[in-house]
Novice: 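Please find one structure pasted underneath; my questions will follow.
Whatever order the structure lists them in is the order used to number ligands and atoms, beginning at 1. What you are looking at is a predicted structure, and each value in this text was computed from that prediction instead of being measured.
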Amino acid sequence: MTYRKDRSGDPGLADATRGRILFGGDYNPEQWPEETWHEDVRLMREAGVNSVTLGVFSWAKLEPEPGAREFGWLDRLMDLMHTNGVGVVLATPTSSPPPWLGRLHPDTLPRDENGRVEWWGGRQHFSHSSATYRRYAAAIAEDLAARYGGHPALTMWHINNEYCTADHGDEAAAAFRRWLRTRYGTLDALNTAWGTAFWSQGYDSWDGILPPRTPHYMKNPAQVLDFRRFTSDALLECYVAERDIVARHTPHVPVTTNFMPLFFGQDAWRWAEEEDVVSVDLYPDPRDPLGPQHGALIQDLTRSQARGPWMLMEQAAGPVNWRGVNHPKPRGLNRLWSLQAVARGADAVCYFQWRQSRQGAEKFHSGMVPHAGERGRTFQEVKQLGAELAAIGGEVTGRHIGADIAILHDWHAWWAAAQDGRPSAQVDHSAVLHAWHRALWEAHLTADFAHPEHDLAGYRLVVVPQLYTMTDAAIDNLLAYVRTGGVLVSGFLTGVADQDDRVRPGGMDPRLRELFGIHVLHEWWPLDEGETVDCDGFRGTLWSEEIEAEEGVAQSAYQGGELDGLPAVLRRDRAWYVSTLPEPDALRGLLTRIAAGAGVHPVLDGLPDRVEAVRRGDLLFLLNHGREPVTVDVPGAHTDLLTGDKAAERVTLGRYGVAVLRP
Ligand code: GAL
């Protein structure tokens with residue numbers, strides 16, 4: 001698969017921002033009487049809203065019966081937005097088909113792995129493989145593009161919403177078989193890739209192949225892996241079909257679809273290549289002490305997928321309503337997390353949703369305008385943020401973030417690792433990724449993400465938290481990177497299997513074992529939840545390994561227990577291997593040392609805990625994630641773009657305070 005498609009010539013986020021930070025959110029006016037729309041625009045102007053996303057869930061309103069078109073209300077809204085200086089990100093409404101589609105065409109409804117239908121009455125009840133669904137989706141996209149392609153309010157297209165559905169039904173099964181034929185060509189090749197000699201699974205006919213529907217006992221992991229690949233590709237086909245329709249009408253208008261944060265079901269590297277604007281929805285829990293770290297990870301990943309500025313399509317101004325307990329954002333937190341996104345490359349700060357609903361499943365999900373109305377604290381804070389973003393937009397938009405570190409992540413490795421029958425169900429790819437990114441974040445080291453087959457030459461340090469499967473091309477890429485002077489550090493369970501989830505000789509690819517100085521990998525010793533293992537100078541969690549290492553490569557050894565004296569951390573020249581997950585402080589310390597050895601240093605020295613520092617272009621963002629004021633030493637004289645104050649040498653940040661410093 002080729003990544004890094006040349007997108008020059010296609011429209012991009014800059015065509016929509018035009019030097020401003022986009023600020024606004026999903027606007028669902030169909031839930032409100034028209035008088036409210038006028039109230040909405042008054043408040044939007046007050047809050048500095050310059051962008052709304054219209055139409056995400058409007059299919060039933062636009063097409064109340066098959067083939068009908070009700071555009072009058074949307075015409076009025078598009079005009080209203082335009083007259084009030086608010087640009088429109090216009091959505092194709094295809095994520096939530098009207099009830100009549102499922103009623104008249106049950107073939108459009110997806111089925112889960114037990115064959116149960118996912119009915120209308122919620123949302124996202126469409127089968128990616130249904131020809132009928134695709135036909136109706138294309139028709140409404142076509143008519144929207146024809147009608148609004150020339151409207152002056154239109155700034156961007158938003159296709160569907162958070163593509164995420166799998167389907168195990170018959171039409172999807174047929175599409176899966178077609179996908180497999182393209183991938184493997186022959187049944188022999190498929191049988192080999194899937195290892196069907198195990199448990200008498202050999203296929204004698206393509207027709208016998210099904211999506212991984214619920215069997216009596218564990219599923220074939222290679223079949224599950226391919227089904228995940230197929231599902232991501234089938235959804236992508238839906239996106240591309242609609243994108244091509246709108247792009248034909250408006251080649252100059254950028255197109256996006258919003259990702260869920262680090263969503264399991266989409267190969268987002270592949271998807272991002274098909275987007276003009278990469279956008280993401282981000283909802284850290286305000287109570288989670290690791291909320292800022294999680295936010296930073298998603299922001300770094302999205303920026304890396306976008307290869308530059310990106311769009312925060314959705315966040316919550318206050319509480320969400322889909323956690324067990326839904327906490328509001330304390331005063332200042334919405335501003336802090338919004339500016340964190342800007343610091344890490346966002347040129348758009350948007351919300352779900354503009355006005356909090358009074359009915360429906362999300363009526364207790366916050367909006368920019370809460371139930372409390374314009375006097376509510378949430379709206380007041382939104383207003384303040386809108387003014388600040390307007391003030392700094394011209395200085396910030398379009399600027400890039402330079403990172404010397406790349407963290408490797410691959411959805412295929414995640415999919416393969418996330419199956420039954422593994423050495424430890426405690427090991428979760430996403431949690432391991434978070435742990436390593438957190439260590440870098442806490443060390444104030446800025447990192448990009450990259451796909452294992454990306455060109456890594458621009459990075460001084462490459463970090464592999466875990467890549468359970470790796471293609472030969474990815475392994476060659478890492479070897480070449482180290483050979484040409486790069487520093488590599490890898491966590492455990494890396495390079496274990498190939499792209500078919502076939503374990504590589506020796507339990508880990510021999511080329512990688514040689515790279516790290518692993519002579520024999522005897523056994524994995526996964527740890528129980530909460531269990532730790534002592535190593536020289538730190539404690540490991542989650543995992544340990546019985547390794548026989550080459551002479552002189554052990555940097556640190558296990559202490560006590562069955563692995564006493566065996567190497568825990570290995571280093572051969574520029575390649576490091578960490579066979580456990582060190583506790584957070586230890587991992588931070590280790591990565592700080594390895595980074596320093598690679599010539600990579602924190603954004604600023606001596607930063608207090610909980611203060612995040614990011615350089616975007618020549619701007620320095622300082623963000624205090626703590627509730628206590630802190631003082632930060634900043635060499636040289638600066639102007640804080642948020643306050644206009646000149647700062648020399650020291651900056652004080654209040655509770656959740658932010659400074660955006662220009663030298
Ligand atoms: C997103 C979704 C929105 C809304 C929001 C609530 O996942 O795109 O439509 O449901 O979550 O947090």
Novice: Under 4.5 Å between any side-chain heavy atoms of Glu46 and Phe379, yes or no?
Specialist: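 The answer is yes, as the side chains (C-beta and beyond) meet within the 4.5 Å cut-off.
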
Novice: Are the side chains of Trp354 and Asn28 in touch, meaning some heavy atoms are under 4.5 Å apart?
Specialist: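 In short, these two side chains do not touch, never coming nearer than 4.5 Å.
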
Novice: Looking at Gly12, is its backbone amide N or carbonyl O close enough to the side chain of Asp15 to form a donor-acceptor pair, meaning the two atoms are under 3.5 Å apart?
Specialist: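 Yes: the side chain of Asp15 pairs with the backbone of Gly12.
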
Novice: Suppose we measure from atom 10 (O) of ligand 1 to each protein heavy atom; which comes out shortest, and what is that distance?
Specialist: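 That would be Glu362 OE2, 2.5 Å.
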
Novice: What protein heavy atom is closest to atom 1 (C) of ligand 1, reported as residue, atom name and distance in Å?
Specialist: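 Here the nearest protein heavy atom works out to Glu314 OE1, 2.9 Å.
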
Novice: Could you list the atoms of ligand 1 found under 4.0 angstrom from a heavy atom of Trp322?
Specialist: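 Near Trp322, the atoms of ligand 1 are 6 (C), 12 (O).
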
Novice: With ring-ring contact (aromatic ring centres under 6.0 Å, His included) as the criterion, how do His434 and Trp436 come out once you've worked through the C-alpha distance, each side chain's angles and the decisive distance to 0.1 Å?
Specialist: CA-CA 6 Å; His434 271 87; Trp436 283 72; over 10 Å; no

Novice: Checking a contact table here: which protein heavy atom is nearest atom 9 (O) of ligand 1, and how many Å away?
Specialist: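 Closest protein heavy atom to atom 9 (O) of ligand 1: Arg123 NH1, 3.0 Å.
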
Novice: Around atom 6 (C) of ligand 1, find the nearest protein heavy atom and jot down its residue, atom name and distance.
Specialist: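 Nearest neighbour among protein heavy atoms for atom 6 (C) of ligand 1, to 0.1 Å: His365 NE2, 3.1 Å.
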
Novice: Are any of the N/O atoms on Glu162, whether in the backbone or the side chain, positioned under 3.5 angstrom from an N/O atom of ligand 1?
Specialist: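 Yes; at least one N/O pair falls below 3.5 Å.
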
Novice: For Phe352, counting its heavy atoms only, list the atoms of ligand 1 lying under 4.0 Å from any of them.
Specialist: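 Reading through ligand 1 atom by atom, the close ones are 3 (C), 4 (C), 5 (C), 6 (C), 9 (O).
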
Novice: Which ligand 1 atoms does Phe57 reach within 4.0 Å, using its non-hydrogen atoms?
Specialist: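 Numbered from 1, ligand 1 contributes 9 (O).
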
Novice: Examine the proximity of ligand 1 to Asp281 and report which part, side chain or backbone, both or neither, has a heavy atom under 4.0 Å away.
Specialist: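 The answer is the side chain.
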
Novice: Heavy-atom contacts under 4.0 Å between Asn161 and ligand 1: side chain, backbone, both, or neither?
Specialist: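 Side chain only.
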
Novice: May I ask whether Gln353 has any heavy atom positioned less than 4.0 angstrom from an atom of ligand 1?
Specialist: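 Heavy atoms of Gln353 never come under 4.0 Å of ligand 1.
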
Novice: Between Arg270 and Asp233, is there a side-chain N and carboxylate O pair less than 4.0 Å apart?
Specialist: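 A salt bridge is absent here (no side-chain N lies under 4.0 Å from a carboxylate O).
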
Novice: Distance to the ring centre below 6.0 angstrom and angle to the axis at most 45 degrees; does that hold for Arg76 and Trp37?
Specialist: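 Geometry flag: not set, cation outside 6.0 Å or 45°.
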
Novice: Using modelled atom types only, decide if a donor and an acceptor are shared between the side chain of Asn258 and the backbone of Glu162 within a distance under 3.5 Å.
Specialist: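 Checked: pair present.
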
Novice: In a check of side chain to side chain contact (heavy atoms under 4.5 Å, CB included) between Ser51 and each of Leu22, Val349, Thr17, Val86, which one passes?
Specialist: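 When Leu22, Val349, Thr17, Val86 are each tested with Ser51, the side chain to side chain contact (heavy atoms under 4.5 Å, CB included) holds only for Leu22.
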
